[in-house]
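See structure below.
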Amino acid sequence: MPQPYWDAMSGAAKDLAEGFGYLRIETPTFEATELFVRAVGEASDIVSKEMFTFKDRGDRSLTLRPEGTAPIVRAYFDAGMQLEPQPVRLYYLGPYFRSERPQRGRFHEFRQFGIEAIGDPSPLLDVEAIVLGWSWFGALDTGGIHLLLNSIGDEVCRPAYRELLRDYYRPHLAELSGESRMRFEKNPLRLFDSKEPQDQELKLKAPRIVDHLCQPCAEAFQAVREGLSAEAIPFTLNPELVRGLDYYTRTVFEYQHESLGGAQNALGGGGRYDGLAAALGYRTTPGVGFAIGLDRTAMVLRERKPLAPPVPDVWALAVDPKDELYVFHLAGTLRARGLRVVVDPGAARLDAKLRKAAKRGARVALLVGPEEREKGEAVVRDMRLKTQVSVAEREVVPTVTQALSAG
RNA sequence: GUGGCUUUAGCUCAGCUGGUUAGAGCAUCAGAUUGUGGAUCUGAGGGUCGAGGGUUCAAAUCCCUCAAGCCACCCCA
C-alpha cells in the first residue's frame, strides 16, 4: 500500500477515534485458535475455511488473527478493563489474516482500522460507532459510501425467529442450493447471504427479523435509527444484512462503496455483540464496534485522487564535493525552520543535479560552488521562475523562505 | 473451498512448433563546448526467466508439485 494513503488513513483514524475518546490498543498478531472458534462460530466461513492455523512447540493450536473483536474482548478482561469506568472505548490499526483465495481487494494479509466500545448496552454507542466510521470516510473524502443497516435481534427473540425461518424454508428444502441447505441446519439467518439464483425468490417472501424483534430489541433499533437521522446520516434498511460472524446481536451495519463492483464492495462493517463475552467464557458484557478494510479503502482513494508523495522545498547541492559539508550545514539551518531539504551528494555534473531537483519538484535550489564558498555565500535559485540571487550565508534562510512564499 | 488465467530487468511487456551471449519501451545512471533544469540524441548498468523437482544432448519454452497474484463463484475487510 502506498505510504501516502496509509498515512492519510491512519492519521484520520487516530484523530477521529481520539476525538471520540477512544484509546489505541494493540493485541498479539496470533492467538489461541479456540478464541476465534468460540467467538466467530464453528459454522462461519472464517472458522470453517479461512484461518491460518498452526501448532507451536507445545502442540498448542494457534491462529493468525482473522478479525479484531475477539482478541480485544479477551484483552479487555485479561487487562482488567472491566474495572474501569464503562464503556471502555478502544481503537486499533493493524494486520489481519485470512486464507481465502486472494483476488482484487482481498488478500491473505490485510489491514483494518476498527473501534470497540465495551461494557455499555446503550444504543447511543451504536450510533457513535456508525457516525465515527462515517466521519472517517468523510475525512478521507472517499465519496460514494452507502450505509446498510439491520437488526438481527438477541438471544430472546432470535431463537424464535430462527424456527420461524426454518418453518418457512422447510417445505422448499429441495429447491435450495447445497450451500443453503447446510445453512438451514447450522445457521438459518445466513440463508440471506446466498446469491444463488434458485434461492433468490424464496428470500423475497421469507419472514423478516425486523418484524419479529422482541420489545427491547425493537426499541434499541428504533433508537439507533433515530440517532442516525438526527445526525443526518443516510442509511438503507436491509433486512437481508446478517453478516458472516456469529457473535453479532441487534444492530449490524455495513459500509459499501458504489465504485467497487460485485462481492468486494464492502469497505467495512460492524455491529453489536452483547453475547460475545459470555461465549468466550467471561461475564456477559455488551459491546459494539466496527472494522474497516484499509486496503480496500486505499483502492477507492487511488481511483478517486492519486496522492503525490511529499515534495522537497529545497534541493541543496555543491558544485564541488569539497563544499558538501558547507551545503549540508546550510541545509540544516533551513530544516530548523521546518523546511524539507534534500542534499544531493557526490560529484555529478551540475546540470544533472538540477535535473534531479526539477524532477523531484523542488521549489528552490540552493547552490554552492567554489566562488560562493570563498565569499561565504550561496545561490538561491527559484526553480519555477528560473531566477536566482547570490546572498550571504546569513541571508540564506530569509531569501529561501521568501522565494517559497512567493508563489 | 470451486472453476479459469497469469508469474521474464525497478515498471509494462515481447520471446513462434524446446537450440548457442534472454530482448524492447519507460525508468535509472553517464556523456553530448569542463558552473545551471524536467525536451532531444548517444551510450551504459541492471534479469537465480516465481520456487522446487522431472523429461531431454539441450528448457524461459514440455510435464508435475508448491507459492504468489488476477478474474468469476462462495463470502468477507
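Only this structure's heavy atoms are used, side chains among them; waters, hydrogens and symmetry mates stay out. Chain identifiers are assigned alphabetically (A, B, ...) following the order of the sequence lines, protein sequences preceding nucleic acid strands; residue numbering begins at 1 within each chain.
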On RNA chain B, more 5' by nearest nucleotide between A:Val379 and A:Glu254 is A:Val379

A:Arg225 to A:Phe221 six-membered ring, cation-pi geometry met (6.0 Å, 45°): yes

Are A:Arg363 and A:Trp315 in a cation-pi contact, defined as NZ or CZ under 6.0 Å from the six-membered ring centre and within 45° of the axis? no

May I ask which nucleotide in the shown strands pairs with B:C73, Watson-Crick or G-U wobble, both distances under 3.5 Å? B:G1

Does B:A9 have a Watson-Crick or wobble partner in any strand here, with both distances under 3.5 angstrom, and which is it? none

I'd like to know if [X] and [Y] make a salt bridge, using a cut-off of under 4.0 Å between side-chain N and carboxylate O.
X	Y	answer
A:Asp351	A:Arg355	yes
A:Arg183	A:Glu185	no
A:Arg208	A:Asp211	no

With respect to the phosphate group of B:A77, does any side-chain polar atom (N or O) of A:Arg243 fall under 4.0 Å of OP1 or OP2? yes

With a 4.0 Å cutoff (strictly under), does any side-chain N or O of A:His257 reach OP1 or OP2 of B:A77? no

Distance between C1' atoms of B:A30 and B:G69 (Å, rounded): 37 Å

Could you tell me how far B:U40 sits from B:A27 if I compare only their P atoms? Round to whole Å. 8 Å

Hey, does [X] reach any base, or is it just sugar-phosphate, or nothing, if we go heavy atoms under 4.0 Å?
X	value
A:Arg183	sugar-phosphate
A:Phe107	base
A:Glu100	base
A:Lys353	nothing

[X] [atom1] - [N] [atom2] separation (whole Å):
X	N	atom1	atom2	value
A:Met383	B:G38	CE	C1'	8 Å
A:Gln103	B:C70	CD	P	8 Å
A:Leu317	B:G38	CG	P	15 Å
A:Asp382	B:U36	CG	P	19 Å
A:Glu109	B:A68	CD	P	12 Å
A:Lys359	B:G38	NZ	P	9 Å

What nucleotide, of [options], holds the atom closest to the side chain of [X]?
X	options	answer
A:Arg106	B:U36, B:A68, B:G1	B:G1
A:Leu245	B:G38, B:A77, B:A30	B:A77
A:Arg381	B:C70, B:G37, B:C74	B:G37

Is there side-chain contact between A:Thr399 and A:Val396, with heavy atoms separated by less than 4.5 Å? no

Quick one: the side chain of A:Arg101 and the base of B:G3, do they pair up donor-acceptor inside 3.5 Å? yes

Is there, by distance only and without an angle test, a donor paired with an acceptor across the side chain of A:Glu372 and the base of B:G35 below 3.5 Å? yes

Between A:Arg65 and A:Thr27, does any side-chain donor sit less than 3.5 Å from a side-chain acceptor? yes

We want to know whether A:Glu116 and A:Tyr92 form a side-chain donor-acceptor pair, criterion being a heavy-atom distance below 3.5 angstrom. yes

In residues 341-351 of chain A, which ones come under 4.0 Å of RNA chain B, going by heavy atoms? A:Ala348, A:Arg349, A:Leu350, A:Asp351

